[in-house]
Amino acid sequence: MKRFNLFQSSSVLACASALALSCAAGAAFGAADPDSPGSMSKPAMKQAVKETMKLGVGDAAPGLEIENWVKGEPVTGFEKGRVYVVEFWATWCGPCIVSIPHLTEMQHKFKKDGVTMIGISSSDKDLQTVQSFVEKMGEKMDYTVAVDRKAAMGDAERAVALTSQSYMTASGQRGIPTAFVVDRDSKIAWIGHPMSYLESVVEDVVAGKFDAAKQQQMQAEGDELMQQLNVAARGGDWDTALAKLGEYRTMHRSHAERANDMELNILLSGKKDYAAAYTMANKFIDGPYSNKAESLNELAWRILTDPSIEERNNDVAL
C-alpha cells in the first residue's frame, strides 16, 4: 500500500511536507450547485449550522445528511458498538484518489470488526460525475460511497453541503481528504488525513485501547520533527534531515512506510547518495513493495525520468 505518492515529485521538501498532501477546501465546502437544494427548510438549515459550529474529539458525531448513496448500504445512523470512518473526498482531488486503495484495504481488513468506511463527496459538480468515477474504480473503491445533500441558506449565492458543514466546517478542516473516526459510543475519536495515522487509530479503537490525548501529543511531536526536517532540507543539511527522519520513524508503527519513502527521496534528490539510494530501493523491491504494483511502477519511472537524478540505475528500474 502506497501511503504517499512521493515519487512523482523531485522536491525533497515535498516529502517533508507529506502530511500536507491535501486539496484546499476553498469554495469546495459550503459551495455547491445553487440549483440543487436539499429538502431542508432554510430556518432548519440555519439552526442546524448554529448547532454544529464546533466539533472536536470526544464530541457526539453529527448525523449524515446524504442526497444519494452511490455504493454500499445506506448508513441511516451510527449504531452503538460499531466503528465508522467518515471521509470527505472529491473526484477532482488527486490526494483523495491516492488514498482510495488504502481505504479499500482498511474496509476489507476491519469489516469483521464492525467497521464501516464511508466516503462522502461534497463538492463534485453532480451525481453523475461521482457515479461514473465509482463505476470506473470498481473493486479498487470497495466501500460505502455517498453524495452530500445540499441546501440553500439565507442569501448565500451557493447551496451549502450539509454533512460537510457539520463535520469539515464545524471542526475547522479546510482540505480534503479528511477522515473522522467515530467510535463505538458514536463519538469523534480522531480527525486527520486518511493516509496518516488512520489505520493505527482504527486498530486501537477496535481493540478498545485508543487514547485520544496520547495520540494528539504524539502527532504534535511528529509534526515538530517534520518541521525540523524541513528546515534542515531547505538548508541542504541532509544528514540532519535524515537524523530527524530516523527519530520520526521510531516514534510510532504508522510512521515506518512514510519515513522509508521520504528517506529514499532524500537520498535520490537531495543528498544524491546513489549507492545508498539504490541499495535501499533494492530492499524495497524485495520487501515492502514486493506486492505493490503502483509503488514499483512509480519508483521505476522516477529512476528513469526524474531530471534531478544524475545517476540512473536501469537494472533497478527494470
Side-chain angles (χ1 to χ4, degrees), residues 1 3-4 17-22 25 29 51-64 75 77-89 95-96 99 102-103 105-107 109-120 143-144 163-228 247-259:
M1 175 183 54
R3 297 299 180 93
F4 286 97
S17 302
L19 291 178
L21 284 180
S22 60
F29 298 108
E51 293 174 353
T52 58
M53 285 307 294
K54 292 184 179 180
L55 181 70
V57 171
D59 293 337
L64 305 179
V75 178
F78 297 128
E79 298 179 24
K80 293 289 185 178
R82 293 187 61 86
V83 176
Y84 299 84
V85 175
V86 179
E87 184 248 3
F88 291 87
W89 72 288
C96 299
S99 71
H102 181 209
L103 295 174
E105 288 183 4
M106 286 187 61
Q107 180 63 91
K109 177 179 179 179
F110 295 111
K111 184 177 181 179
K112 67 181 185 303
D113 299 308
V115 177
T116 299
M117 316 291 293
I118 309 169
I120 300 177
Y143 51 90
T144 302
T163 309
S164 175
Q165 184 79 16
S166 297
Y167 280 82
M168 295 291 293
T169 303
S171 61
Q173 303 300 310
R174 296 191 55 79
I176 54 174
T178 294
F180 296 75
V181 176
V182 180
D183 67 18
R184 297 190 189 280
D185 294 319
S186 302
K187 293 183 178 180
I188 301 296
W190 181 82
I191 304 170
H193 197 296
M195 301 297 273
S196 180
Y197 302 91
L198 178 59
E199 186 167 354
S200 62
V201 167
V202 172
E203 285 179 350
D204 288 346
V205 170
V206 165
K209 60 181 183 180
F210 180 69
D211 186 329
K214 183 178 180 180
Q215 178 74 25
Q216 290 174 334
Q217 179 181 355
M218 186 266 292
Q219 289 185 209
E221 293 172 355
D223 289 346
E224 176 62 26
L225 281 174
M226 287 297 97
Q227 291 175 8
Q228 294 173 8
E247 292 181 50
Y248 179 79
R249 177 187 282 109
T250 59
M251 281 183 62
H252 192 265
R253 65 185 186 276
S254 67
H255 291 180
E257 187 168 352
R258 187 181 321 127

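Excluded from the calculations below are hydrogen atoms, water molecules and symmetry mates; all remaining heavy atoms, backbone and side chain alike, are included. Remember, predicted model here, so these are calculated numbers, not experimental data. Sequential numbering from 1 along the given sequence is applied to the chain's residues.
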Run the side chain to side chain donor-acceptor pair (under 3.5 Å) test against [X] and tell me which residues pass, sequence neighbours left out.
X	result
Gln217	Glu221
Glu79	none
Thr163	Asp148
Thr116	Arg82

Would you say that [X] contacts [Y] through its side chain, given a criterion of any heavy-atom pair below 4.5 Å between the two side chains?
X	Y	answer
Pro95	Pro177	yes
Ile120	Ser164	no
Glu87	Leu103	yes

From [X] [atom1] over to [Y] [atom2], what is the distance, rounded to the nearest 0.5 angstrom?
X	Y	atom1	atom2	value
Ser254	Arg249	OG	CZ	13.0 Å
Cys96	Met195	SG	CE	11.0 Å
Ser200	Arg253	OG	CZ	5.0 Å
Gln215	Asp211	CD	CG	9.0 Å
Asp183	Ile188	CG	CD1	8.5 Å

Decide side-chain contact (heavy atoms from CB on, under 4.5 Å) for Val85 and Leu198; before the verdict, give the C-alpha distance in whole Å, the side-chain angles of both, and the deciding distance to 0.1 Å.
CA-CA 9 Å; Val85 175; Leu198 178 59; 4.1 Å; yes
side-chain contact (heavy atoms from CB on, under 4.5 Å), paired with Phe210, selected from Val201, Val83, Val181, Val202
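Of the listed residues Val201, Val83, Val181, Val202, the side-chain contact (heavy atoms from CB on, under 4.5 Å) partner of Phe210 is Val201.
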Sequence neighbours left out, what passes salt bridge (charged side-chain N to carboxylate O under 4.0 Å, His left out) with [X]? Give chain and number order.
X	result
Lys109	Glu199, Glu203
Arg184	none
Glu247	Lys244

Between [X] and [Y] (side chain of the first, backbone of the second, donor and acceptor by atom type, cut-off under 3.5 Å), is there such a pair?
X	Y	value
His102	Pro194	yes
Thr169	Ser166	no
Ser171	Tyr167	yes
Gln107	Met117	yes

Can you list the residues that meet the side-chain contact (heavy atoms from CB on, under 4.5 Å) rule with Lys209, with sequence neighbours excluded?
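Once residues adjacent in sequence are excluded, the partners of Lys209 under the side-chain contact (heavy atoms from CB on, under 4.5 Å) criterion are Asp204, Ala207.
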Partner residues of Asp113 under the side-chain contact (heavy atoms from CB on, under 4.5 Å) criterion, sequence neighbours left out:
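Applying side-chain contact (heavy atoms from CB on, under 4.5 Å) to Asp113 gives Phe110, Val115, Val206.
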For Val205 and Ala189, which heavy atoms make the closest approach, and how far apart are they?
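Shortest heavy-atom contact: CG2-CB, 4.2 Å.
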Specify the closest pair of heavy atoms between Asp185 and Lys80, including all atoms of both residues, with the distance to one decimal.
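For Asp185 versus Lys80, the nearest heavy atoms are O-NZ, 2.9 Å.
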Would you check, one step at a time, whether the test side-chain contact (heavy atoms from CB on, under 4.5 Å) holds for Lys187 with Val182?
CA-CA 5 Å; Lys187 293 183 178 180; Val182 180; over 6 Å; no
Give the C-alpha distance, both sets of side-chain angles, the deciding distance and a yes or no for side-chain contact (heavy atoms from CB on, under 4.5 Å) between Thr178 and Met168.
CA-CA 8 Å; Thr178 294; Met168 295 291 293; 3.7 Å; yes
Relative to the ring of Tyr197, is the ring of Trp190 parallel (under 30°), tilted (30 to 60°) or perpendicular (over 60°)?
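Correct class here is perpendicular.
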Report the residues that fulfil ring pair (Phe, Tyr, Trp, His ring centres under 6.0 Å) with Phe78, sequence neighbours left out, ordered by chain and then residue number.
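Per chain and number, Phe78 pairs via ring pair (Phe, Tyr, Trp, His ring centres under 6.0 Å) with Tyr84.
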